[in-house]
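Working notes, structure below.
The analysis underlying the following values was restricted to heavy atoms, covering all of them including side chains, and did not include hydrogens, waters or symmetry mates. Index from 1, following the sequence. Remember, it's 1-based here, ligands and their atoms both numbered in the order they're listed. These numbers come from a predicted model, not from an experiment.
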Amino acid sequence: MPVTYPAYLHLDRLLDLQHPRSEPAEHDEMLFIVIHQVYELWFKQLLHETDKLRADLGQGDLYGAVSVLKRMRMVMKTLVGQLDILETMTPLSFASFRDRLDTASGFQSSQFRELEFAFGYKRAALARAGSPIPETAALARRLGEPSVVDRLYDFLARRGVPVPDELLHPDPEAPSRPSEAMQEQLLQLYRTQPELVFLFEALLDFDEGIQEWRYRHVKLVERTIGAKQGTGGSGGMEFLKQSLFKPIFADLWAVRHRM
Ligand code: HEM
């Protein structure tokens with residue numbers, strides 16, 4: 001039997017995974033489900049690419065790292081663009097099925113947190129007992145793994161850059177922190193090593209993509225539920241605003257006015 005398109009993609013299972021909870025069915029609930037499922041698939045792809053990025057940096061493969069980052073940036077742009085579709089749903093339409101979500105919220109997306117952890121924005125409490133995230137096994141695994149930022153420092157050290165010792169041997173469960181000593185090195189590298197500039201700018205592109213997503217998500221939340229509390233139990237918009245403009249590669253942002 002030749003492999004067919006539906007069999008290869010397991011379409012029977014994939015297309016049987018959308019189950020609106022509203023009765024009678026509210027038209028927009030299907031969109032709400034589909035878009036979140038698509039996001040989770042893209043998160044899965046981003047994690048897959050992130051693993052390659054870390055491996056490339058670990059092996060000193062500059063071109064591999066830059067090309068994977070270029071792809072991740074395009075995925076990020078698609079993620080941001082998809083919010084436009086959800087913004088065609090009015091507040092009234094969302095309100096018609098919102099209580100059916102009960103406590104469900106993107107806040108509980110384990111893959112989104114995995115992505116944050118993999119890029120160094122680690123918060124150990126989210127991976128432990130009592131976490132608001134229902135499934136923590138994958139997150140707990142990521143917590144102990146080196147982040148992309150850690151791998152970046154290893155990569156630079158292998159190329160002879162004097163990376164401060166505490167950055168080369170970090171507490172694996174702690175979030176990445178800015179380092180003034182590292183910023184001096186980066187400035188130097190921007191001036192003297194053009195091939196590394198490609199890597200730094202590609203990292204910055206992805207970082208900006210995540211910040212763009214956070215901003216567009218907050219605006220989506222504002223126009224759809226205004227100041228209402230989140231279904232995940234947070235203050236909603238005000239809570240989400242706290243993570244706006246928080247960079248992943250703080251050192252790369254910190255040096256720009258000095259160039
Ligand atoms: C009508 C559409 C949406 C509304 C009203 C909404 C609302 C919210 C609210 C209020 C929060 C804060 C946590 C809480 O629930 O208390 C939140 C968090 C979150 N949402 Fe949405 N959201 C929407 C669409 C989406 C979509 C399409 C995604 C894509 C996966 C998403 C992913 C997330 C993530 C990852 C968080 C956690 C953010 C963080 O803690 O930094 N949301 N959302």
Side-chain angles (χ1 to χ4, degrees), residues 17-18 20-22 26-48 50 72 75-128 130-136 138-139 142-143 175-176 206-248:
L17 294 173
Q18 296 69 42
R21 289 169 56 95
S22 50
E26 292 293 340
H27 181 82
D28 282 1
E29 192 178 355
M30 181 61 88
L31 171 69
F32 191 78
I33 292 173
V34 167
I35 207 145
H36 280 84
Q37 290 184 340
V38 171
Y39 267 102
E40 288 295 333
L41 286 174
W42 280 126
F43 291 158
K44 182 172 184 170
Q45 184 65 29
L46 282 176
L47 286 167
H48 183 61
T50 303
M72 292 178 77
V75 173
M76 217 49 231
K77 286 202 169 294
T78 297
L79 286 189
V80 173
Q82 281 177 24
L83 290 177
D84 291 340
I85 310 173
L86 208 47
E87 286 184 347
T88 62
M89 180 178 70
T90 64
L92 268 178
S93 174
F94 184 49
S96 70
F97 64 88
R98 187 180 186 226
D99 57 349
R100 296 307 188 112
L101 305 180
D102 198 13
T103 59
S105 163
F107 187 72
Q108 297 161 340
S109 167
S110 169
Q111 291 202 107
F112 184 78
R113 301 298 176 208
E114 275 189 69
L115 208 53
E116 289 183 326
F117 279 25
F119 275 86
Y121 184 27
K122 293 183 177 177
R123 283 143 297 158
L126 290 177
R128 302 240 160 89
S131 164
I133 295 166
E135 182 45 70
T136 53
L139 207 50
R142 295 259 173 209
L143 184 66
S176 319
F206 182 72
D207 191 336
E208 197 170 332
I210 292 204
Q211 293 185 54
E212 205 181 339
W213 185 84
R214 290 192 196 276
Y215 171 75
R216 285 293 313 276
H217 175 256
V218 176
K219 294 314 279 185
L220 164 72
V221 172
E222 183 176 8
R223 66 186 282 166
T224 314
I225 61 167
K228 287 182 194 170
Q229 273 213 332
T231 47
S234 82
M237 210 171 60
E238 288 310 316
F239 161 77
L240 291 167
K241 278 186 184 166
Q242 293 164 19
S243 59
L244 287 180
F245 306 116
K246 280 212 177 125
I248 298 168

Inset, instruction - Evaluate salt bridge (charged side-chain N to carboxylate O under 4.0 Å, His left out) for Glu87 paired with Arg216, printing each intermediate quantity in order. - result: CA-CA 10 Å; Glu87 286 184 347; Arg216 285 293 313 276; 3.2 Å; yes
Legend entry - Student check: side-chain heavy atoms of Phe112 and Tyr39 closer than 4.5 Å: no
Legend entry - Heavy-atom nearest neighbour of atom 29 (C) of ligand 1 within options Phe32, Phe112, Tyr121, Tyr39: Tyr39
Legend entry - Expected output: side-chain Asp207 to main-chain Pro247 donor-acceptor under 3.5 Å: no
Inset, instruction - Report yes or no: does a heavy atom of Gly233 sit under 4.0 Å from some atom of ligand 1? - result: yes
Legend entry - Distance below 2.8 Å from atom 21 (Fe) of ligand 1: protein N/O/S atoms: His217 NE2
Inset, instruction - Might you point out which heavy atoms bring Ser131 and Leu126 nearest each other, and give the distance in Å? - result: OG-O, 2.6 Å
Legend entry - Closest protein heavy atom to atom 5 (C) of ligand 1, given as residue, atom name and distance to 0.1 Å: Phe94 CE2, 3.7 Å
Legend entry - Nearest-neighbour protein heavy atom for atom 25 (C) of ligand 1, which is reported as residue plus atom name and distance: His36 NE2, 3.2 Å
Legend entry - Leu139 backbone acceptor or donor facing Thr136 side chain under 3.5 Å: no
Legend entry - Atoms in ligand 1 with a heavy atom of Phe239 nearer than 4.0 Å: 12 (C), 40 (O)
Legend entry - Step-by-step side chain to side chain donor-acceptor pair (under 3.5 Å) determination, Ser96 to Glu26: CA-CA 7 Å; Ser96 70; Glu26 292 293 340; 3.3 Å; yes
Inset, instruction - Taking the six-membered ring of Tyr121 (Phe, Tyr or Trp), confirm whether the NZ or CZ of Arg113 is under 6.0 Å from its centre and within 45° of its axis. - result: no
Legend entry - Arg214 near ligand 1 by a heavy-atom separation under 4.0 Å: yes
Legend entry - Under 4.0 Å to a heavy atom of Thr224 - the qualifying atoms of ligand 1, by number: 1 (C)
Inset, instruction - Within a distance under 4.0 Å of any heavy atom of Gly236, pick out the atoms of ligand 1 and give their elements. - result: 10 (C)
Legend entry - Met89 heavy atom under 4.0 Å from ligand 1: yes
Inset, instruction - Within a distance under 4.0 Å of any heavy atom of Gly232, pick out the atoms of ligand 1 and give their elements. - result: 14 (C), 15 (O), 16 (O)
Legend entry - Check: Leu47 and Arg142 side chains under 4.5 Å, non-hydrogen atoms: yes
Legend entry - Distance-only donor-acceptor check, side chains Ser22 and Glu29, under 3.5 Å: yes
Legend entry - Arg113, Arg98, Glu116: member with heavy atom nearest to atom 39 (C) of ligand 1: Arg113
Legend entry - Euclidean distance, Leu79 CG relative to Ile210 CD1, rounded to 0.5 Å: 9.0 Å
Legend entry - Side chain to side chain, Leu101 and Phe94, heavy atoms closer than 4.5 Å: yes
Legend entry - Main-chain N/O of Arg123 paired with Glu116 side-chain donor or acceptor, under 3.5 Å: no
Inset, instruction - Return the residue, atom name and 0.1 Å-rounded distance of the protein heavy atom closest to atom 16 (O) of ligand 1. - result: Ser234 OG, 2.7 Å
Legend entry - ligand 1 contact by Trp213, heavy-atom criterion under 4.0 angstrom: yes
